[in-house]
Protein chains: 2
Amino acid sequence: MDKKKSLSIKEIAKLANVSVATVSRVINNNGRFSEETRIRVQKIIDQYGYRTNMAAKSLRMAKSKTVGIIVPNINNEWFSLLVLEIEKYFFEKNYSVFICNTSQTEAKEIAYFQSLDSKMVDGIMCISGSEELPTGIMTRDIPIVCIDRKPKNHHNVYYVESNHYSGGYLATEELIKKGCKRIAIVSRNKSLSVNQQRLEGYRQALKDYGLEAYDELQILLDVSSPNYDGTKHAVEKLVQSNIPFDGVFATNDWRAYGVVVALTENHIRVPQDVKVIGFDDIPISYACHPSLSTIHQNTKLLAQKASGLLLSLMNGENPVDNEKHYILPVELIQRDSTQI
Amino acid sequence: MDKKKSLSIKEIAKLANVSVATVSRVINNNGRFSEETRIRVQKIIDQYGYRTNMAAKSLRMAKSKTVGIIVPNINNEWFSLLVLEIEKYFFEKNYSVFICNTSQTEAKEIAYFQSLDSKMVDGIMCISGSEELPTGIMTRDIPIVCIDRKPKNHHNVYYVESNHYSGGYLATEELIKKGCKRIAIVSRNKSLSVNQQRLEGYRQALKDYGLEAYDELQILLDVSSPNYDGTKHAVEKLVQSNIPFDGVFATNDWRAYGVVVALTENHIRVPQDVKVIGFDDIPISYACHPSLSTIHQNTKLLAQKASGLLLSLMNGENPVDNEKHYILPVELIQRDSTQI
DNA sequence: ATGAAAGCGCTAACAC
DNA sequence: GTGTTAGCGCTTTCAT
């Protein structure tokens, strides 16, 4: 095998006839060494190779250049896009990222917090999930940044999200402006703050435009119900019940697509008979037929804002504006499913 | 703050009036301590809390209970499903997983190999990508398992994949059996072994059934071309060129969906006029309209096989059958896009 | 500008 | 069954 064995600092020191301290200084460019020494050490390194043993460095420095991402399920385009962007950001800064899928399981989340604590991560990014954050379990006071997850007020826990209320409002308003009078919503029953806020935006829009919020048109799916299939079945039932409706706001794009298919299969035309709008703007909303109007979240910005925040917190800086909560604007995307 | 500060082994030893060695033995359940001692130590731990400092443990043991996953882009349902399953598997075994997106960039891949090496991962999983594997860069001889990536013959590098040749054959055969005579293929031009094998399956099927493999019906997209849009445009061009065809094998589901939309928008009916089949069986193939026939890869099994293999290699075991290459069967899924 | 030495928290070889 | 001790590779304080 052609493995370079990689020397330790001690071995380099011996070969270069300097002390380990000096080698360490050169490697980390910490000053207090002469150019001459630098060259001598560098030559040895170039010749024999050196790779930092991060275990040792972490042990000594009590930090690891590593962060953890807690996420419900990475097999979800919206989450995986966030994770992708976060990982990109931290790769640039020389951090590695632990991926931690919780499957919405509290036990797994707790286990991961412990593991991350044990592995000395310097910070944690939490995507979605409940208000409860098992920070009490941690032995070190590392910063935590939440995305789309409203944490209880904890020390060193920050929060960035899209404006879901505004998104819910815009989506509903779009349906109203396109002439819908009886607008249904398909969302989730669990009190995830995100869905809650979208629902409130929906209600407020109806109110502002003097439309009634019919209880029987507010479909709150069970947490266990899959986005697409669950919604499809729910809408099929709604159709069979003969309760009239002419617009549907689905609180994510897979749900919206479920609505479209359910309607189409029941010979209800979208958008002629019923208009539909989704949320998130994932690729399928653009690719499907008819294409889905939706609310675009600026995922990349969200990821960058959250990552930048976490990084500065890990560096011991206070966020510029000293805010613990950041809200990013969303945008209405008009496509075929809400055409007049 | 309610942070338990977590004692070190040394502190526990003092409180329990035993030596650090004994505490270590109790914690790791390594035997050579009395039940009485165990209880005494455990009591202290229960009372004050203890969290292993994995940096120290890794340093000492030269292993980290950590693996890296190298993947082109996690924002791709097929990859993210693999990653999800791999992560699940290793979570059960108390391993953490570093996520490493390469964006198909060799430089990023190399940087990640170095970083993983530095962070003392015990093994690496490589998903997709080129034959080249920068193993020369590593300073330790840790096992590597590739999924859908055919590595050059390296020591300690293993390989598991679906039977892509068979998949290509089955897909093409399905079109043939449903009456197609002029069957196009849309794939990728880069010599990714996976696509290459699917293409060969296609060619062999045509041959076996005595059909011609028209060059002008073999569309090989550029690597940079996005799956959906790229395919859509390519098929639009094909339609405009007036070259006749009655079946299309797209080598992944997003491409297949691009085919369907391009045809539909050109008033060519699927499956009546042209039949279409995809590959991978991701959710969209089931959800879209008309639903897509496709080749199902047993992703979960793939992930588990690869993970189990990596785990046993990390444990220093030789794989049972001493094979370095495993091929898993695929399955034809018949849906509407190839109906007669 | 450089070196000696302590010590981060842990495991394991060795002694009893 | 238990304790003593060395040492994994690194950074950093304190000398000089």
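FYI, side chains are in, hydrogens and waters are out, and symmetry mates aren't considered; it's all heavy atoms of this structure. Each chain gets a letter, A, B and so on, in the order the sequences are listed, and its residues count up from 1.
Using cut-offs of 30° and 60° for the angle between ring planes, the A:Phe90 and A:Tyr95 rings count as perpendicular.
For the pair B:Ser8 and C:dC8, the criterion of a side-chain N or O lying under 4.0 Å from OP1 or OP2 is not met. Between B:Asn28 and C:dT11 there is a side-chain N or O to OP1 or OP2 distance below 4.0 Å.
What separates CG of A:Leu7 from P of D:dC8 is a distance of 14 Å, to the nearest Å. Whole-Å rounding puts the A:Asn29 CG to C:dA1 P distance at 13 Å. Rounded to an integer number of Å, the gap from B:Glu11 CD to C:dC10 C1' is 13 Å. What separates NZ of A:Lys65 from P of D:dC10 is a distance of 17 Å, to the nearest Å. The NZ atom of A:Lys119 sits 15 Å away from the C1' atom of C:dC10 (whole-angstrom rounding). Computed from coordinates, the A:Asn30 CG to D:dT11 P distance equals 8 Å when rounded to whole Å. A:Lys10 places its NZ atom 11 Å from the C1' atom of D:dA6, with the value rounded to the nearest Å. Taking atom CZ on A:Phe33 and atom P on C:dG3, their separation rounds to 13 Å, with Å as the unit.
Within residues 15-24 of chain B, the residues having any heavy atom closer than 4.0 Å to DNA chain D are, in order of number, B:Asn17, B:Val18, B:Ser19, B:Val20, B:Ala21, B:Thr22. A heavy-atom distance below 4.0 Å to DNA chain C is reached by these residues of residues 50-61 of chain A, ordered by number: A:Leu59, A:Arg60.
For the residue pair B:Ser80 and B:Glu77, no side-chain donor N or O sits within less than 3.5 Å of a side-chain acceptor on the partner. Between A:Lys119 and A:Thr66, the side chains place no donor N or O within less than 3.5 Å of an acceptor N or O (distance only, hydrogens not considered). Between the side chains of B:Asn315 and B:Lys93, no donor-acceptor pair of N or O atoms lies under 3.5 Å. Defined by atom type and a distance below 3.5 Å, a donor-acceptor pair is present between the side-chain atoms of B:Ser19 and B:Thr22.
Note on B:Glu35 versus B:Arg38: salt bridge recorded, some NZ/NE/NH1/NH2 to OD/OE distance being below 4.0 Å.
Here the nucleotide nearest the side chain of B:Ile9, chosen from C:dC8, C:dT11, C:dT2, is C:dT11.
Distance check: A:Ser307 OG to A:Met125 CE gives 4.0 Å after rounding to the nearest 0.5 Å.
Just one residue in the list A:Arg149, A:His325, A:Gln297 forms a side chain to side chain donor-acceptor pair (under 3.5 Å) with A:Glu161, and that residue is A:His325.
Side-chain to base pairing of A:Arg32 with C:dG3: no donor and acceptor N or O lie closer than 3.5 Å to each other.
In summary, the aromatic rings of A:Tyr159 and A:Tyr326 are positioned with their centroids too far apart to meet the 6.0 Å limit.
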